[in-house]
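Quick caveat, the model's predicted, so the values are computed rather than measured. Both backbone and side-chain heavy atoms feed into the values below; hydrogens, waters and symmetry mates do not.
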Amino acid sequence: MRPVFFLPAYVLACSAVFTPLAHAHEGKSTHHHAAAAKPAPAPAPVAPAPAGARVGSVYDLSVLPVFTGKVAQFLPSTHGGINGFILEDGTQVLVSAEQGHAFAGLVKPGDTVEIRGLKGQTLPILRAFLVTSPRGRSVEDSVISMPNHSTEMLAGPDLVLHGPVSMPLYNMSGKLTGAVLQDHSVMYLTPAEATRFADLLKPGQTVYAVGSGSNGGLGVAVDVREIGPSLEALTPVAVNQPPPPGPAAGSAAYDIIPGADTHE
């Protein structure tokens, strides 16, 4: 019969054998958790936008043709901004009235600019949607333009313009809307009145015009109220007649949309 005092020694010996194994397993488990806790790899960098696609732009302007030319003068508006500019080849580059000040700060006469836009089929006009200056700055214009003639835009004292016509002036719809004189001043008429006096707006014709407008650093522009071949032969013209007033507020017809009760 073996003595009982051998049992504690046996237990101690077994503990000595299994303790390193437990620590080794614990080390593996800790290493596994540490590996799982590693941060996820950083996402791959986003590729730069293709040329012509501008950050914040709604439209892809890269599909538009590119034109270049040297700025000869601004096309000043009658409310102090610009409606565009004229290139040395006579092309009228048109921008929206809302963005006119941005373009006036981008380019200056004598600059060679790059323009993405749509050119007139037969008229010397170019609707600009993106203009880049020789200094690398660009301005985008995707705004639907307000008309040149608006009662809200009439401001300033009466001005008198006179001299030979350099070129007839067109709007974004391709309609005759005035003239640029050889002294770089600009006169605006409604398309109907411009058509009526088209003979006076031909290059080389001497014309006199009176109206309100602006005379500042961006140029001289007038909304014509009277026009003629001389001061003694001026004819009054309509200056964008406002639409006729609708039914009075509160009347039975006030909430009726014209044509809404007609069915085909």
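Scored by the side chain to side chain contact (heavy atoms under 4.5 Å, CB included) test, S133 finds L106, V107, R135, R137 as partners (sequence neighbours excluded). For N215, the side chain to side chain contact (heavy atoms under 4.5 Å, CB included) partners at least two apart in sequence or on another chain are L159, V220. Checked against side chain to side chain contact (heavy atoms under 4.5 Å, CB included), I125 has the following partners two or more places apart in sequence or in another chain: Q92, L94, L123, Y170. Considering only residues two or more places apart in sequence or on other chains, S230 meets the side chain to side chain contact (heavy atoms under 4.5 Å, CB included) condition with E232, A233. The side-chain hydrogen bond (donor to acceptor under 3.5 Å, both in side chains) check on E226 picks up nothing, with sequence neighbours excluded. Qualifying side-chain hydrogen bond (donor to acceptor under 3.5 Å, both in side chains) partners for T91, counting only residues two or more places apart in sequence or in other chains: D89. Shown here are the side-chain hydrogen bond (donor to acceptor under 3.5 Å, both in side chains) partners of K108, two or more places apart in sequence or in another chain: D111. Legend: residues meeting ring pair (Phe, Tyr, Trp, His ring centres under 6.0 Å) with H162, ordered by chain and number and at least two apart, are Y208.
Using modelled atom types, one side-chain atom of T177 and one backbone atom of L189 make a donor-acceptor pair closer than 3.5 Å. Of the possible polar contacts, one joining the S214 side chain to the S77 backbone as a donor-acceptor pair under 3.5 Å is found. With hydrogens and angles disregarded, a donor-acceptor distance shorter than 3.5 Å links the side chain of R116 to the backbone of L64. Although no hydrogens or angles enter the test, the distance criterion places no donor-acceptor pair under 3.5 Å between the side chain of Q205 and the main chain of V165.
With values rounded to the nearest 0.5 angstrom, S166 atom OG is found 7.5 Å from Q73 atom CD. Between the CD atom of Q99 and the CG atom of D141 there is a distance of 5.0 Å, given to the nearest 0.5 Å. Summarising the geometry, atom NZ belonging to K119 is positioned 7.0 Å from atom CG belonging to L126; distances are rounded to the nearest 0.5 Å. One finds the OG1 atom of T206 at 8.5 Å from the CD atom of Q182 (value rounded to the nearest 0.5 Å).
For the residue pair P164 and G204, the shortest heavy atom distance occurs at CB-O, 4.4 Å. Contact record, A194 with G178: CB-N, 4.1 Å, taken as the closest heavy-atom pair. Counting all heavy atoms, side chain and backbone alike, P109 lies closest to A72 at CB-O, 3.8 Å. In terms of heavy atoms, V186 sits closest to P76 at CG2-CD, 3.7 Å. Heavy atoms only, all atoms of each residue included: V95 and G100 are closest at CG2-CA, 4.3 Å. Shown here for P134 and V113, the closest heavy-atom pair between the two residues is CD-CG1, 4.4 Å.
For the pair I82 and L218, the minimum side-chain heavy-atom distance is below 4.5 Å. I115 places none of its side-chain heavy atoms less than 4.5 Å from the side chain of T68. No side-chain heavy atom of V239 sits under 4.5 Å from any side-chain heavy atom of T190. A heavy-atom distance below 4.5 Å is not found between the side chains of M187 and D223.
With Y188 as the partner, the side chain to side chain donor-acceptor pair (under 3.5 Å) test is satisfied by one option alone out of N83, N171, T78: N83.
Here ring-ring contact (aromatic ring centres under 6.0 Å, His included) pairs that include residues 111-136, with residues two or more places apart or in two chains, number zero. Applying the salt bridge (Lys or Arg N to Asp or Glu O under 4.0 Å) test to pairs two or more places apart or on separate chains, none has a residue in residues 74-88. Counting only residues at least two apart or in different chains, salt bridge (Lys or Arg N to Asp or Glu O under 4.0 Å) contacts with residues 159-188 are absent.
Hydrophobic clustering of Ile, Leu, Val, Met, Phe, Trp and Tyr side chains at less than 4.5 Å, counting indirect connections, unites F74 with V139. Linking Ile, Leu, Val, Met, Phe, Trp and Tyr residues whenever their side-chain heavy atoms come within less than 4.5 Å leaves L181 and L234 in two separate clusters. One hydrophobic cluster, built from ILVMFWY side chains closer than 4.5 Å, cannot hold both V66 and L130; they sit in different ones. Hydrophobic clustering (ILVMFWY, side-chain heavy atoms < 4.5 Å, transitive): L161 and V207 are in one cluster.
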Distance-only criterion, 3.5 Å: show the donor-acceptor pairs between side-chain atoms of residues 195-203 and protein atoms not counting sequence neighbours.
unit_1, atom_1, unit_2, atom_2, d
T195, OG1, P191, O, 2.9
R196, NH1, E193, OE1, 2.9
R196, NH1, E193, OE2, 3.4
D199, OD1, K202, NZ, 3.4

(request) Assess whether side-chain contact (heavy atoms from CB on, under 4.5 Å) is satisfied between V131 and F85, documenting all intermediate values. (result) CA-CA 11 Å; V131 177; F85 46 89; 4.3 Å; yes

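Counted by atom type alone, D158 and S212 present zero donor-acceptor pairs between their side chains at under 3.5 Å.
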